[in-house]
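Down below is the structure, laid out as structure tokens.
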Amino acid sequence: MTYKTKGNRRVLVTKKLISEALLKLLETKSIEKVTITELCETAHVNRSTFYHHYTSQYDVLTEIEDEKVEDIRAMLDKVDPKRSFTIREQVEAVCEYLKENKSAFLLFMNSKYILKDFSEKLFDITLNKDLATEHAPKELSDEQKKLWENFYQGGLYYLTYSWLSGNFSASPSDVTDLICELIPIMKR
């Protein structure tokens, strides 16, 4: 956000209406086909109000994604600092949150317009890049280590997408167990 919204209830309500309207429209069409006019009509806000807060529907989507990622971070930050929070517990907490917010995350993941850093943000929350690189075979070059990191990131993202979009009965705990089996560094 380019200006302060904390404490301004009207701004927060307006942004929520616009966000909810976009999510509703994304259930039936791709982001590229959503017009500002129909977004404003669905949200019951004026175009000038929309443009006061955003420049495009992509800005709204970016803000929604950032909020979801921030919600995950905040959830993980609430963990008792006196207790050791393992990587497995972090992954399971994220899987729980993804399942609870399945429809929103599937809208992001199914969109032809996927923000390039969305999967990276999710990856950073659950599995620090440095941790993945740290466990890469020592003989790899820096470039190969980057590919190693991308492999983990892409694999986790697609596994999560497949789980959320499929008719799998696996629980978040089951998915976490699978991730830990597939990625040995997560057994810590």
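In what follows, every heavy atom counts, from backbone to side chain, and hydrogens, waters and symmetry copies are set aside. FYI, the numbering just counts along the sequence from 1.
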Could you walk me through whether E65 and V69 pass the side chain to side chain contact (heavy atoms under 4.5 Å, CB included) check? CA-CA 6 Å; E65 289 181 349; V69 169; 5.5 Å; no

List the steps, then state whether side chain to side chain contact (heavy atoms under 4.5 Å, CB included) holds for L26 with L61. CA-CA 10 Å; L26 288 175; L61 183 61; 4.1 Å; yes

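Cluster annotation: Y158 and L147 are assigned to distinct hydrophobic clusters (Ile/Leu/Val/Met/Phe/Trp/Tyr, side-chain heavy-atom contacts under 4.5 Å, transitive). L140 and F151 fall into different hydrophobic clusters, where Ile, Leu, Val, Met, Phe, Trp and Tyr side chains are chained together by heavy-atom contacts under 4.5 Å.
D66 contributes atom CG, which lies 11.0 Å from atom CG of D71 (distance to the nearest 0.5 angstrom). Note that CD1 of I179 and CG of L156 are 5.5 Å apart. Values are rounded to the nearest 0.5 Å. A distance of 5.0 Å separates CD of E63 from CD of E67, quoted to the nearest 0.5 Å. Atom-to-atom distance recorded for H52:NE2 and T14:OG1 is 9.0 Å, nearest 0.5 angstrom. If you take OG on S19 and NE2 on H53, they are separated by 10.5 Å, rounding to the nearest 0.5 Å.
Nearest heavy-atom pair, L98 versus L164, reported as atom, atom and distance to 0.1 Å: O-CD2, 3.9 Å. Smallest separation of non-hydrogen atoms from Q57 and E32: NE2-O, 4.5 Å. Between E92 and S173, the shortest heavy-atom distance links the atoms OE2-CB, 3.2 Å. Minimum interatomic distance between F50 and T55 (heavy atoms only, all atoms of both residues): CE2-C, 4.3 Å.
For E41, there are no salt bridge (charged side-chain N to carboxylate O under 4.0 Å, His left out) partners two or more places apart in sequence or in a different chain.
Ring centroid separation for the pair Y157 and Y161 does not come in under the 6.0 Å cut-off.
Looking at V175 and F168, their side chains never come closer than 4.5 Å, going by heavy atoms from C-beta outward. Residues L22 and T42 fail the side-chain proximity criterion, which asks for heavy atoms closer than 4.5 Å. Contact check for C40 versus N46: no side-chain heavy atoms found under the 4.5 Å cut-off. Taking 4.5 Å as the limit, every side-chain heavy atom of H44 sits out of range of all side-chain heavy atoms of L17. With a 4.5 Å cut-off on side-chain heavy atoms, K102 and Y97 do not count as touching. Contact check for K146 versus D142: no side-chain heavy atoms found under the 4.5 Å cut-off.
Ionic pairing of K24 and E20 is not present here: no N-O contact between side-chain nitrogen and carboxylate oxygen is shorter than 4.0 angstrom. Between E38 and K29, at least one side-chain nitrogen of the basic residue sits less than 4.0 Å from a carboxylate oxygen of the acidic one, meeting the salt-bridge criterion.
Shown are T62, I18, L39, T49; of these, the side-chain contact (heavy atoms from CB on, under 4.5 Å) with Y54 is made only by I18.
For residues 151-170, no residue pair satisfies the salt bridge (Lys or Arg N to Asp or Glu O under 4.0 Å) rule, not counting sequence neighbours.
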